[in-house]
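The sequence lines fix the lettering, A, B, ..., with proteins before strands; numbering per chain opens at 1. Worth knowing before you read on, the calculation uses all heavy atoms, side chains too, and leaves out hydrogens, waters and symmetry mates.
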2 protein chains.
Amino acid sequence: MPTVRLRDVAERAGVSVRTVSNVVNDFVHVAPATRERVHRALDELGYRPNLAARQLRRGRSGVISLVVAEIDSPYFAELAAVVVRAAETRGWDVHIDQTDGDPDRERRMLSGPLGQQVDGVVFSPWALAPAELTQRAPSIPLVVLGERQANGQVDHVAVDNVAAAHDATAHLISHGRQRIVALGLQPHLSNETARLRQQGYRDALVDAGRSLDPRLEVGVQRLHRSDGAQAVARLLTEDVSFDALFCFTDQLALGAIRALADRGLRVPDDVAVVGFDDIEDGRYAVPSLTTVAPDKRQIADVALRLLANRIQDPAAPVVDFVAAHELVIRQSSDPVTIYPNHAGGS
Amino acid sequence: MPTVRLRDVAERAGVSVRTVSNVVNDFVHVAPATRERVHRALDELGYRPNLAARQLRRGRSGVISLVVAEIDSPYFAELAAVVVRAAETRGWDVHIDQTDGDPDRERRMLSGPLGQQVDGVVFSPWALAPAELTQRAPSIPLVVLGERQANGQVDHVAVDNVAAAHDATAHLISHGRQRIVALGLQPHLSNETARLRQQGYRDALVDAGRSLDPRLEVGVQRLHRSDGAQAVARLLTEDVSFDALFCFTDQLALGAIRALADRGLRVPDDVAVVGFDDIEDGRYAVPSLTTVAPDKRQIADVALRLLANRIQDPAAPVVDFVAAHELVIRQSSDPVTIYPNHAGGS
DNA sequence: AGCCAGCCTTGCAACGTTGCAAACTTTGAG
DNA sequence: CTCAAAGTTTGCAACGTTGCAAGGCTGGCT
C-alpha cells in the first residue's frame with residue numbers, strides 16, 4: 001500500500017505541492033482546468049490526507065473526545081450515538097473514552113485524553129466532585145454533561161435533576177402510593193446527580209405533606225441492573241414495606257422489576273416503578289417502564305454547539321444550559337396504560 | 001495553557017532535546033542523574049507528548065478503529081466495552097466508528113477510517129458481502145468480526161453461527177415445540193450472519209425430521225426491538241400459528257416478547273422465545289431471556305491479538321478463529337427455570 | 001503602449017517529534 | 001599509560017502538511 005502524498009499527486013498532475021493542497025482544501029483562485037487535472041490525479045492515486053501531518057501543521061485535529069463512565073451502559077451508549085451523529089454534521093470525529101466511574105481516570109481525562117490530540121472534550125462525570133471540574137478546566141475546551149456545578153466556570157448541559165425527580169415522585173404520590181422508595185444513592189461517590197435526584201424526591205414528599213423515612217432511601221454500589229435487583233431483594237428480606245420505587249436510572253429500575261417478579265410481586269399493582277433516562281430497554285420491557293426522559297438529542301446538539309463556541313473563543317462567557325425532560329408514563333406505574341410509546345426504533 | 005514541548009523541557013533541564021526524548025521513551029543509556037533531572041523538568045512543566053508529531057515521525061498512531069453498525073445497540077456497546085478494555089492492555093486507544101448498517105459507509109471505513117490515522121481496524125460488517133471485504137483488505141491491517149468469508153483472505157473471529165443456531169433451535173424442539181419461527185432474516189442486505197443462522201435453524205428442523213415452512217421464516221428491516229415487535233404483531237394478525245420464536249438477536253427477542261405480552265400471550269407457556277447475543281437486558285428481562293451467548297471477552301482478546309500480529313507482520317498467514325458460544329437457558333424457553341444467571345453485573 | 005489589479009501558482013519554512021549516526025566521555029583491559 | 005569498548009549525549013534531517021508572502025500571468029483601463 002504505497003502511501004500517497006501531496007507530492008506524488010503534484011508530480012502526476014504537473015503542478016506544485018502547494019496547488020494540490022489548495023485544491024484539496026477547496027481554496028479559491030484555482031483555475032478550473034488545473035483543479036480538474038489535480039482532481040483526476042487525486043482520484044487516480046487514491047490520495048488520502050495524512051491527518052497527523054495536517055493536525056501538526058494546523059494545530060487542530062477535528063477530533064473531540066466523549067468521556068463517559070461506561071460505554072456499555074445503555075444510557076451512555078445512546079448518548080454516544082447521538083453525540084457521534086451530531087459531531088458528524090460539524091465535520092468532527094468522536095473519540096470515546098471510558099472511565100469505569102473511577103475518579104482517578106476521570107481526573108486524568110480532564111487534563112486531556114489522547115495528548116493534545118483532541119480539540120475539545122465532552123465530559124460526563126460520574127465520580128468527580130464539581131469543584132474538581134472547575135479547577136482543572138482551563139487546559140482544554142470542555143463541556144460538562146449532567147451534574148451541576150455551583151459556580152459556573154465550565155460550560156454545562158443537564159436536565160433539571162431536582163425538578164425531574166420531583167415530577168417522578170409527585171406522579172407516584174398522585175397515584176396514591178404511600179411508601180415510595182428512592183433507589184440509587186451513591187454515598188461513597190461524589191456523585192452530584194444522585195444527590196440532586198434525592199433532593200427532588202424529598203422535596204416532592206415534603207410538598208405533599210409526607211414525612212421522610214431514611215429506610216426508604218436506598219444506596220447502591222453501582223448502577224447496573226444487578227444493583228437494582230439486589231437492593232430490592234434486600235428491602236424485601238428486611239421487611240421494609242413499600243408500594244413504589246423511584247429509581248435513579250432505568251437500569252436500576254429494570255433490575256428492580258426483575259427482583260420483584262421473582263418474589264411474585266406484581267408491577268404496578270403491588271409496586272409501582274419509575275426510572276430515569278428513557279433507555280430503549282425500558283420502552284420494550286414487560287411491563288414497559290415509566291421514566292424521566294431527558295432530551296438526549298438536544299443535550300448532544302447543545303453540548304457540541306457550546307464546545308464549538310468554546311474552541312473558537314476560549315474567553316466566551318460560560319453557559320449553563322438546562323435541557324428539556326419529560327415524564328413518560330408507561331405501564332410500570334399506571335395500570336391503565338396499555339402499550340404506549342411503542343414507536344421509536346433505536 | 002502554554003503547550004509544553006520537548007524543547008521547553010530540554011531548556012529547563014539543561015540538556016538537549018534529544019535527551020529528553022530519550023528519557024520520555026525510556027531509552028537505555030541515559031545517566032541516572034540526567035534522567036532524574038529531566039523527569040523533574042517533565043513534571044514541573046507538565047509535559048504531554050504531541051501525538052500528532054509523534055505519529056508523523058513514527059508512522060504509527062497507537063490508535064485502532066472499531067467499526068460497528070451502531071454503538072447504541074447493546075450487543076455492539078458491550079462488545080465495544082470489552083474491546084476498549086482489551087486494547088488498553090496493549091497500550092492502544094480505540095476509535096469507534098458507526099456505519100448505521102449502511103453499505104457505503106462500511107465500504108468507506110474499509111479503505112481506512114480517519115485517514116492513515118489508525119494502525120488497524122476491527123470491523124464488524126453488517127451489510128457488506130464477504131467478497132467485498134477480501135477485495136479491499138490490503139490497504140490496512142484488518143480483523144473481521146462475525147460473518148464468515150469463504151476464502152480466508154482476512155483474519156477473522158466469529159462464533160459458529162450455524163452450530164449456534166442449530167443448538168438454539170434443537171433446544172426448542174427438544175422442549176416439544178412444534179411450530180418454530182425464525183425471526184431476523186435480512187433478505188435486502190448481504191447480511192451473511194443472518195443467512196448462517198437461518199441455515200442452522202433449517203438444519204436443526206431437518207435433523208429432527210421436521211418440514212420447513214416458509215411462512216415461519218420472517219424477515220425484518222432492521223434489528224431493533226421495534227422490528228421484533230412489529231414482526232410478531234404481523235404474524236398474529238396474519239393468523240400464522242406458532243409456539244416458539246428463535247430470534248437472531250436478543251433485541252428482536254425482547255421486542256417480540258413485548259408484542260406477545262400485549263396480545264395476552266404468555267412466555268414461555270404459549271410461546272417460547274430464544275434470542276442471540278446475551279445482552280445484559282436479556283438477563284434481567286421478565287421473563288429472563290434464553291439466548292446464545294458468544295464469548296465476547298474471547299472475541300475481543302483474539303481479535304486484538306490477531307490485529308497485533310497482522311500489524312507486525314502483514315504477510316503472516318491468515319487466521320480464522322471460531323469463538324466459543326454457549327446456549328444459556330432461562331425462563332423464556334423453560335417454565336422450570338426460576339431465576340438463573342442472576343449474577344454478573346455488566 | 002503602459003500600467004494596475006486581480007487572478008493564479010509557487011517556494012520556503014515550520015508544526016513537534018524521533019531515526020540516524022557522529023561525537024564526546026568514561027571505564028577497563030593489556 | 002594507551003587504546004578499545006562501552007556508555008552517554010548531541011545535531012541534523014525528515015515525517016506530510018499548510019501559512020505566508022512573493023512571483024508570474026492575464027486582461028482591462030487609460
Q.
Restricting to salt bridge (charged side-chain N to carboxylate O under 4.0 Å, His left out), what partner residues turn up for D102(A), sequence neighbours left out?
A. none
Q. Do R297(A) and R85(A) have side-chain heavy atoms sitting under 4.5 Å apart?
A. no
Q) Just to confirm, is there a sub-4.0 Å distance from OP1 or OP2 of dT18(D) to any side-chain nitrogen or oxygen of S21(A)? A) yes
Output a table of nitrogen or oxygen pairs between the protein and nucleotides 21-27 of chain D separated by less than 3.5 Å.
none

Q.
With a 4.0 Å limit, can you tell me whether N22(A) has a side-chain N or O closer than that to the phosphate oxygens OP1/OP2 of dT9(C)?
A. no
(Q) If you compare all heavy atoms of R310(A) against all heavy atoms of P141(A), which two are closest, and at what distance to 0.1 Å? (A) CG-CB, 3.7 Å
**Q.** Phosphate contact (dT10(D) OP1 or OP2) by T19(B) side-chain N/O below 4.0 Å
**A.** yes
Q.
Under the salt bridge (Lys or Arg N to Asp or Glu O under 4.0 Å) definition, can you give me all pairs with a residue in residues 6-22 of chain A, not counting sequence neighbours?
A. R5(A)-D8(A), R12(A)-E44(A)
**Q.** Length of the CZ-P vector between R54(A) and dT18(D), whole Å
**A.** 5 Å
Q) Just how far, in rounded Å, is C1' of dT8(D) from CG of D26(B)? A) 16 Å
Q: Any chance you could measure N50(B), atom CG, to R57(B), atom CZ, to the nearest 0.5 Å?
A: 14.5 Å
(Q) For the CZ atom on R90(A), are there more than 12 heavy atoms of other groups (residues, nucleotides or ligands in this structure) within a distance under 6.0 Å? (A) yes
Which atoms of nucleotides 11-15 of chain D (N or O only) lie under 3.5 Å from a protein N or O atom, and what are those distances?
none

Q) Atom CZ of F27(A) to atom C1' of dC20(D): distance rounded to whole Å? A) 11 Å
(Q) Rounded to the nearest 0.5 Å, what separates atom CG in L142(B) from atom NE2 in H156(B)? (A) 10.5 Å
Q) Which whole-number value in Å describes the distance from E11(A) CD to dG16(D) C1'? A) 14 Å
Q) Atom CZ of R37(A) and atom C1' of dC8(C): how far apart are they, to the nearest Å? A) 12 Å
Q.
Using five pairs at each end of the helix from dA1(C)-dT30(D) to dG30(C)-dC1(D) to define an axis, what is the angle between those two axes, to 10°?
A. 50°
Q: Round to a whole Å and report the spacing from CZ of R60(A) to C1' of dG16(D).
A: 20 Å
(Q) If I take atom CG from residue N191(B) and atom CG from residue L223(B), how far apart are they, to the nearest 0.5 angstrom? (A) 7.0 Å
Q) Which value, rounded to the nearest 0.5 Å, describes the distance between F321(A) atom CZ and D301(A) atom CG? A) 9.5 Å
I'd like a table of donor-acceptor pairs (distance under 3.5 Å, sequence neighbours excluded) in which one partner is a side-chain atom from residues 73-83 of chain B, with atom names and distances.
residue: S73(B); atom: OG; partner: Q251(B); partner atom: NE2; Å: 2.6
residue: E78(B); atom: OE1; partner: K296(B); partner atom: NZ; Å: 3.2
residue: E78(B); atom: OE2; partner: E280(B); partner atom: N; Å: 2.7

Q: For L6(A) and dT10(C), give me the distance from atom CG to atom C1', rounded to whole Å.
A: 14 Å
(Q) Measure CD/Q55(A) against P/dG16(D) and give the value in whole Å, please. (A) 16 Å
Q.
Do D93(A) and D97(B) have side chains that approach each other closer than 4.5 Å (heavy atoms only, starting at C-beta)?
A. yes
Q.
For a quick test of reading the model: is some side-chain N or O of T34(B) closer than 4.0 Å to OP1 or OP2 of dT8(D)?
A. no
Q) Distance from I96(B) atom CD1 to I64(B) atom CD1, nearest 0.5 Å? A) 10.0 Å
